[in-house]
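I have placed the structure first, in the form of structure tokens, so that the comments after it can refer back to it.
Heavy atoms only: backbone and side chains are in, while hydrogens, waters and symmetry mates are out. Remember, it's a predicted structure, so these values are computed and weren't measured experimentally.
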Protein chains: 2
Amino acid sequence: MNAAAKLFEDFRQWQGVTPSFGDCPVRDVIDHLGDKWSTLLITVLSGGPQRFSAIRRAVPDISQRMLTQTLRTLERDGLVLRQVFPIKPPSVEYRLSPLGESFLEPLAKLTEWALASHSAIRDARAAFDLDAAA
Amino acid sequence: MNAAAKLFEDFRQWQGVTPSFGDCPVRDVIDHLGDKWSTLLITVLSGGPQRFSAIRRAVPDISQRMLTQTLRTLERDGLVLRQVFPIKPPSVEYRLSPLGESFLEPLAKLTEWALASHSAIRDARAAFDLDAAA
DNA sequence: CGGAATCCAGCCCGATACTG
DNA sequence: CAGTATCGGGCTGGATTCCG
């Protein structure tokens with residue numbers, strides 16, 4: 001069976017269960033992980049447990065606010081575990097939960113595709129913009 | 001090799017090439033496809049070519065504006081092909097390009113994970129919110 | 001060190017109205 | 001039928017400041 005058929009099957013499986021589109025689990029999940037930082041932070045944590053400041057250094061262009069907020073959401077969704085060491089100065093470590101690690105495989109498929117397709121996408125954009133100007 | 005190692009490998013491959021984080025192809029792609037409708041429309045089109053109004057019926061809660069806009073972006077990125085039939089009344093058909101179809105496999109992995117993990121995520125949220133209230 | 005709180009700009013997206 | 005144009009709300013996310 002090809003990927004398209006499988007995909008449709010998954011969606012139909014859900015459609016048979018709930019009457020409303022808004023509750024679609026796929027959309028629920030993608031909406032969450034589709035934000036600006038979630039997948040990137042998961043990728044960083046895939047290398048093992050990291051302290052707050054270590055994550056910050058690994059992702060230079062994230063603000064403190066968004067780092068905290070995104071980690072909280074991931075923790076709330078059960079993808080990330082947060083462990084506080086009550087020392088001075090305080091230390092907090094983040095790591096992927098088993099659920100979070102189970103997400104690495106589909107995520108890796110995505111990154112592979114992104115890396116492989118990026119140049120094609122860039123070319124397509126350039127071509128599209130070109131004859132849009134004509 | 002596990003998924004984590006593979007993921008890191010992919011990122012390092014890119015990090016060796018470009019100096020700036022902003023150009024990361026993975027983030028570029030995920031930012032695009034992470035919007036509210038892209039993946040859903042790709043899923044709908046995975047069933048074969050569809051006319052504009054057919055897509056609308058398949059996704060009841062999308063506005064006309066966002067349907068047009070999202071399809072345009074997907075077309076610009078080379079994932080979707082647009083074919084106009086100059087008849088009256090006008091008819092426009094959308095279909096996945098080969099590049100778009102190549103995205104179905106990683107997307108299917110994502111939807112599978114989402115379906116399988118949704119209940120666990122909902123439980124995690126409930127538990128988190130519960131002892132946040134305590 | 002690891003946050004929380006506040007303020008604010010931008011843009012995502014929906015609703016509505018109009019066109020070929 | 002398949003758009004385009006315009007308006008406006010709400011949410012995302014950045015900068016800054018303060019706290020234990």
Side-chain angles (χ1 to χ4, degrees), chain A residues 20-22 24 27-42 44-45 49-77 80-95 128 132-133, chain B residues 20-22 24 27-41 44-45 49-77 80-95 128-129 132-133:
Chain A
S20 158
F21 259 87
C24 174
R27 289 169 74 178
D28 186 22
V29 169
I30 291 183
D31 283 358
H32 258 250
L33 270 35
D35 69 5
K36 194 170 181 181
W37 302 108
S38 291
T39 56
L40 184 58
L41 292 188
I42 290 174
V44 169
L45 289 178
Q50 303 273 339
R51 294 188 52 181
F52 187 87
S53 22
I55 302 176
R56 262 202 105 175
R57 279 191 297 275
V59 187
D61 54 347
I62 194 174
S63 68
Q64 206 172 31
R65 170 184 153 80
M66 289 316 297
L67 179 53
T68 300
Q69 182 174 304
T70 306
L71 285 171
R72 278 286 181 280
T73 301
L74 291 173
E75 186 196 0
R76 189 173 103 99
D77 285 359
V80 160
L81 301 174
R82 177 174 179 267
Q83 186 174 8
V84 180
F85 299 95
I87 60 177
K88 293 183 57 163
S91 172
V92 180
E93 201 175 78
Y94 293 88
R95 78 182 65 219
F128 185 92
Chain B
S20 158
F21 258 87
C24 175
R27 291 169 73 179
D28 186 22
V29 169
I30 291 182
D31 284 358
H32 258 250
L33 270 34
D35 69 6
K36 194 171 182 180
W37 302 109
S38 292
T39 57
L40 184 59
L41 293 188
V44 169
L45 289 178
Q50 304 274 340
R51 293 186 53 178
F52 186 87
S53 25
I55 303 175
R56 258 202 111 175
R57 279 190 298 274
V59 188
D61 55 346
I62 193 174
S63 67
Q64 205 173 31
R65 169 186 153 79
M66 288 316 296
L67 179 53
T68 300
Q69 183 175 304
T70 305
L71 285 171
R72 280 286 181 277
T73 301
L74 291 174
E75 187 196 359
R76 189 174 101 100
D77 285 359
V80 160
L81 300 174
R82 177 174 179 268
Q83 187 174 8
V84 182
F85 299 95
I87 60 178
K88 291 182 59 160
S91 172
V92 179
E93 201 175 77
Y94 293 89
R95 77 182 64 218
F128 184 90
D129 295 344

What is the distance from CD1 of A/I55 to C1' of C/dG2, rounded to the nearest Å? 11 Å
The side chain of B/V92 is closest to which nucleotide in this list: C/dC1, D/dA2, C/dC13? D/dA2
Between D/dA2, C/dG3, C/dC13, which nucleotide gets closest to the side-chain atoms of A/R72? C/dG3
Is the phosphate of D/dG3, meaning OP1 or OP2, less than 4.0 Å from a side-chain N or O of B/R56? no
Grab the CG-P distance between B/D61 and C/dC13 for me, whole Å please. 13 Å
Name the closest nucleotide to the A/Q64 side chain, picking from D/dG3, D/dG14, D/dT17. D/dT17
Among D/dG3, D/dA2, D/dG14, find the nucleotide with the atom closest to the side chain of A/S63. D/dG14
Take the protein atom NE2 of A/H32 and the nucleotide atom P of D/dC11, then report the distance between them rounded to whole Å. 13 Å
Gap between atoms CG and C1', on B/L71 and D/dT4 respectively (whole Å): 15 Å
With rounding to the nearest 0.5 angstrom, report the CZ to CG distance, B/R56 to B/D61. 11.0 Å
If you round to the nearest 0.5 Å, how far is CD1 of A/I55 from CG of A/L45? 4.5 Å
Name the closest nucleotide to the B/W37 side chain, picking from C/dC13, C/dA4, C/dC1. C/dC13
First encountered from the 5' end of DNA chain D, between B/R57 and A/K36: B/R57
OP1 or OP2 of C/dA17 versus the side-chain N and O atoms of B/R65: is any pair under 4.0 Å? no
Among the candidates C/dG3, D/dC1, C/dC1, find the nucleotide nearest to the side-chain atoms of B/P90. D/dC1
Whether B/S53 contacts D/dA2 is assessed here as follows: a side-chain N or O lying under 4.0 Å from the phosphate OP1 or OP2. Is that the case? yes
Phosphate-side-chain proximity, B/Y94 and D/dC1, N/O vs OP1/OP2 below 4.0 Å: no
Residue-phosphate contact under 4.0 Å: A/R82 side-chain N/O, C/dG3 OP1/OP2: yes
Spell out, as yes or no, whether a donor-acceptor pair under 3.5 Å connects the side chain of B/S38 to the backbone of B/G34. no
Between the CG atom in B/D35 and the CG atom in B/L41, the distance rounded to the nearest 0.5 Å is 8.5 Å
Please determine whether a side-chain nitrogen or oxygen atom of A/K88 lies at a distance below 4.0 Å from atom OP1 or OP2 of D/dG20. no
Expressed in angstrom and rounded to an integer, what is the separation of B/Q69 atom CD from C/dC13 atom C1'? 8 Å
Going by side chain to side chain contact (heavy atoms under 4.5 Å, CB included), B/L33 matches just one of B/I30, B/V29, B/D31. Which one? B/V29
